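Down below is the structure, laid out as structure tokens.
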Amino acid sequence: MKIVLIIIVTGLLLIGIVMAFIVPRLHLKVRQDMMLRFSLVALLFLFLFCLIPYRTAVLMYEEGDELRALGARHERIKEDTIPARRGNLYADDGKMLSSSLPFYKVFMDMRVEGLRTPFNPKESDLSYFEHEVGALADSLAEVFHEKPARTLEREMRQAFLSHKAHYRLIQREISYLELQRISDFPILKRGAVQGGLSTEERSRRVWPFKPLASRTIGDVYGASNAGKNGLELFYNDSLQGHPGLKINRWVAGKRTDIITQPAVNGVDLATTINIDLQETAYKALLQALQAEDAECSTIVLMKCQTGEIKAISNLVRQNDGRYIEARNVAFGDEIEPGSTFKTVSLMVALDDGVIDTTYRVDTGNGRYNFYGSWMNDTHANGVISVPDILAQSSNVGVSRIIEEKYRNRPQQYIDGIHRTGLDQALSLEIPGHGSVKIKESTDKTWARTTLPWTSIGYEVNVPPIYTLMFYNAIANNGRMVKPKLVNAMLRDGDTIRTFPTEVVNQQICQPKTLGEIQSMLRRVVTHGTAKAVNTPLFEIAGKTGTSQIQTGGQKLTGEDGRPKHNITFCGYFPADHPEYSCIVYIRRPRVSSAGRICGGVFRTVAERAYALQNQTAEVDRKTLKQGRERLRECQEEERHSLPSQSCAVMPDMTGRTAREALYQLERSGWRVKLQGQGRVVSQSVAVGECPQPQETITLTLQ
């Protein structure tokens, strides 16, 4: 290569000498002289053109390894992921139940030259940092209250002298509004290049209406933002989306990102939860628990025809006496249902034709001995018919019917329970939910007392949600549907998938039996153990349930020596044209009165649901207003909102997605209320107006 270079250079020198000294002395004709000069120039350009591939070859083969090693010392390439935005969860009216909002770690690069430039070169050599660091410390201390201003100033000066590249200005993560605020602080307002301000964005999950239905909506793990429980876990793959890929290149201290695969954001979920009903259910249940000092409880309100769960609360008492949503009692607790199971037993007997509604049983003084074990009623009923057996919740009456009619064929009774679909294996939307456990007659633990005790809800385990599903089927003309919590998946406001109602059993019993059971459940409320549930607004049908709690085969008793119970009321309303079904379950109340305690909670929620359904009857408006104010305060705490110090003009939000609108308006310090789903079609504040800080802007989406 070097020899070739020498030859080319020598040739170029010769051409130059010829053009400079020899050609002028040849005394050629003008035309010949011009042609010769043109040829020499062309030859010169040809030689120069040959130098290009030659130099390229030299760089590739002789100097290539050295140059690549030099480049590697100044360039770093790293493959990194682009996080996907986790989808939101919405209530049935478009209110946001769960969302991921951006939060930031704030740093300062003390190496930037802009910090060391003189603040006023005409007057002194004092650097910009030294002149302004005191004012910056004062601003940080006043807003964030983490450390005194003088401590902050001292620490920043030390970091400046040490040329720290990643000095943490604020110890906690801050919201977008707070980031906008500190961007106007001294030094930091000069930006990254001159002021050294740098940030790391993190996504944090927030629940504006927490604690409402919080265990059902679910939680996420902080670092991974992955679902931890509830709907957040069940739909985690869809909510989380798919991260993208990018290549980070640092050349001569500058970073360049090359996106090789864009991120696919997670989808949004339109849930069945209604915030109004959810708030009413939560408050009514909490009040009952506090009054009775109960251990735990649940309430679930469901639409009869669709299985949509409109409200669900699961409250568990903590050591300090507070009630929180520590676990999903409705889906997870496999309890002995007690007297609510009597409806199942009588349905099987009526459907098999072994009894009818005129059948009468002698319950005596309320005590009956089954194979050495005594069965007791709360009071003596004497000889009563099947409807009164259910209305008075007679243990002796139900167990005598089932034991006498199925003594020699117990599996027929068990098969009758299977026939209703109550114990059918289901995949519900709460991970780790329980299932119904009913003994087969061939089970090794089956005893002679199993049949009569099973008939009244012992030696069986049923999660409350399954009991509700059974009673909902009675209200729904015998059609059993699976409870559901999500109606649709959305992307940018557009529906991409819907979840239709799933039928578990088309007909749980014969139509004649169904009509008899419906009539009997109505009688429980009008003349039986659930008279406290009655309301003048509409008719209610349902059944109370009380079961003694047993641990290790022994009855659980309180300090007073009395047995402790689970109490339940499960039913539907209006009884003549059912719209909703509902279950209220409470464990270990102070007083075991299912009709008064559970029935009272049921009635409160039913009246509110009826009012919303029919737009009539004022139900606890003052309480609801106070609840909404408390929830708004909760929402503001989660978002760490700070008031804006300058007036911002209202932009035109029409056509924006909910997420885009939320971020842009909150950035200006306003509260945002979303109504509906999809994209913004109207706004409560006109374009160009200047709303006050913290004013609520209502956006209608469609």
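In this text the structure is predicted, and so the values were computed from the model without any measurement.
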Next item on the list: Determine yes or no for a side-chain-to-main-chain donor-acceptor pair under 3.5 angstrom, with Glu334 supplying the side chain and Ser435 the backbone.
Entry: yes
Notebook entry, point to check: For atom CD of Gln287, is the number of surrounding heavy atoms from other residues, nucleotides or ligands below 6.0 Å larger than 12?
Noted result: no
Item checked: Lys342 (side chain) donor-acceptor with Ser393 (main chain) under 3.5 angstrom -> yes
Checklist line | salt_bridge(Glu232, Arg86) N-O dist < 4.0 Å | finding: yes
Next item on the list: Using atom types as modelled and distance alone, determine if a side-chain donor or acceptor of Asn265 lies under 3.5 Å from a backbone N or O of Gly241.
Entry: no
Next item on the list: Quick one: do Asp293 and Arg317 satisfy side chain to side chain contact (heavy atoms under 4.5 Å, CB included)? Show the steps, please.
Entry: CA-CA 8 Å; Asp293 192 29; Arg317 186 181 59 205; 3.1 Å; yes
Note to self: If we count only N and O atoms by modelled type, under 3.5 Å, do the side chains of Thr535 and Glu607 hold a donor and an acceptor together?
What the structure shows: yes
Note to self: For the backbone of Ala213 and the side chain of Trp207, can you confirm whether one donor and one acceptor N or O come within less than 3.5 Å of each other?
What the structure shows: no
Notebook entry, point to check: Should the heavy atoms of other residues, nucleotides or ligands under 6.0 Å from CD of Gln318 be counted, would the total exceed 12?
Noted result: yes
Notebook entry, point to check: Using 30° and 60° as the class limits, which term best fits the ring planes of His433 and Phe331: parallel, tilted or perpendicular?
Noted result: perpendicular
Note to self: In the structure I gave you, are the side-chain heavy atoms of Ile170 and Ile182 within less than 4.5 Å of one another anywhere?
What the structure shows: yes
Next item on the list: Begin from the C-alpha positions of Asn566 and Tyr585 and carry the test side chain to side chain donor-acceptor pair (under 3.5 Å) through to its verdict.
Entry: CA-CA 7 Å; Asn566 296 322; Tyr585 160 74; 3.1 Å; yes
Margin query: Looking at every non-hydrogen atom in both residues, tell me the closest pair between Cys582 and Ile299 and how far apart they are.
Written below: SG-CG1, 3.9 Å
Checklist line | Sidechain-backbone polar pair: Ser297 side chain, Ile586 backbone, donor-acceptor under 3.5 Å | finding: no
Notebook entry, point to check: Can you tell me if Thr544 and Thr529 form a side-chain donor-acceptor pair at under 3.5 Å?
Noted result: yes
Margin query: Once rounded to the nearest 0.5 Å, what's the spacing between atom CG of Asn476 and atom CD of Glu579?
Written below: 10.5 Å
Check: Going by an N to O cut-off under 4.0 Å, is there a salt bridge joining Arg205 and Asp219?
Finding: no
Check: With distance as the sole test, does Asn225 use its side chain to make a donor-acceptor pair with the main-chain N or O of Val220 at under 3.5 Å?
Finding: no
Check: Could you walk me through whether Asn274 and Leu612 pass the side chain to side chain contact (heavy atoms under 4.5 Å, CB included) check?
Finding: CA-CA 11 Å; Asn274 179 278; Leu612 290 176; 4.1 Å; yes
Checklist line | Any donor-acceptor N/O pair, Arg85 side chain to Ser100 backbone, under 3.5 Å | finding: no
Checklist line | pair Lys210-Ser98: side-chain heavy atoms closer than 4.5 Å | finding: no
Item checked: Straight-line distance of Thr199 OG1 to Lys105 NZ, nearest 0.5 Å -> 12.0 Å
Next item on the list: Measure across Ala91 and Ile275 and return the closest heavy-atom pair with its distance rounded to 0.1 Å.
Entry: CB-CG1, 3.8 Å
Check: Hey, are Thr272 and Asn487 close enough side-chain-wise for a donor-acceptor pair under 3.5 Å?
Finding: no
Next item on the list: Kindly say whether Ala294 contributes a backbone atom to a donor-acceptor pair with the side chain of Tyr323 at under 3.5 angstrom?
Entry: yes
Check: Salt-bridged, Arg596 to Glu292, with N to O below 4.0 Å?
Finding: yes
Notebook entry, point to check: What's the verdict on side chain to side chain contact (heavy atoms under 4.5 Å, CB included) for Thr298 and Asp333, showing C-alpha distance, side-chain angles and the deciding distance?
Noted result: CA-CA 10 Å; Thr298 187; Asp333 284 21; over 6 Å; no
Next item on the list: Give a yes or no on whether Lys437 atom NZ has more than 12 heavy-atom contacts from other residues, nucleotides or ligands under 6.0 Å away.
Entry: yes
Next item on the list: Decide yes or no on side chain to side chain contact (heavy atoms under 4.5 Å, CB included) for Phe569 and Val525, but give the supporting numbers first.
Entry: CA-CA 11 Å; Phe569 180 80; Val525 177; 4.3 Å; yes
Next item on the list: Could you give me the CA-CA distance, side-chain angles and deciding distance for Lys484 and Glu502, then say whether salt bridge (charged side-chain N to carboxylate O under 4.0 Å, His left out) is met?
Entry: CA-CA 9 Å; Lys484 68 173 181 174; Glu502 294 185 36; over 6 Å; no
Check: For the side chain of Glu336 and the backbone of Gly457, is there at least one donor-acceptor N/O pair under 3.5 Å apart?
Finding: no
Checklist line | N/O donor-acceptor pair under 3.5 Å between Tyr458 side chain and Gln548 backbone | finding: yes
Note to self: Can you confirm whether Asp320 is buried at CG, in the sense that more than 12 heavy atoms of other residues, nucleotides or ligands lie under 6.0 Å from that atom?
What the structure shows: yes
Next item on the list: Any chance you could measure Ile430, atom CD1, to Arg215, atom CZ, to the nearest 0.5 Å?
Entry: 9.5 Å
Next item on the list: For the pair Tyr580 and Phe573, name the ring-plane relationship: parallel under 30°, tilted 30 to 60°, perpendicular over 60°.
Entry: parallel
Notebook entry, point to check: Is it the case that Glu429 and Tyr235 place a side-chain donor and acceptor less than 3.5 Å from each other?
Noted result: yes
Check: Going from CD on Gln424 to OH on Tyr466, what distance comes out if it is rounded to the nearest 0.5 angstrom?
Finding: 9.0 Å
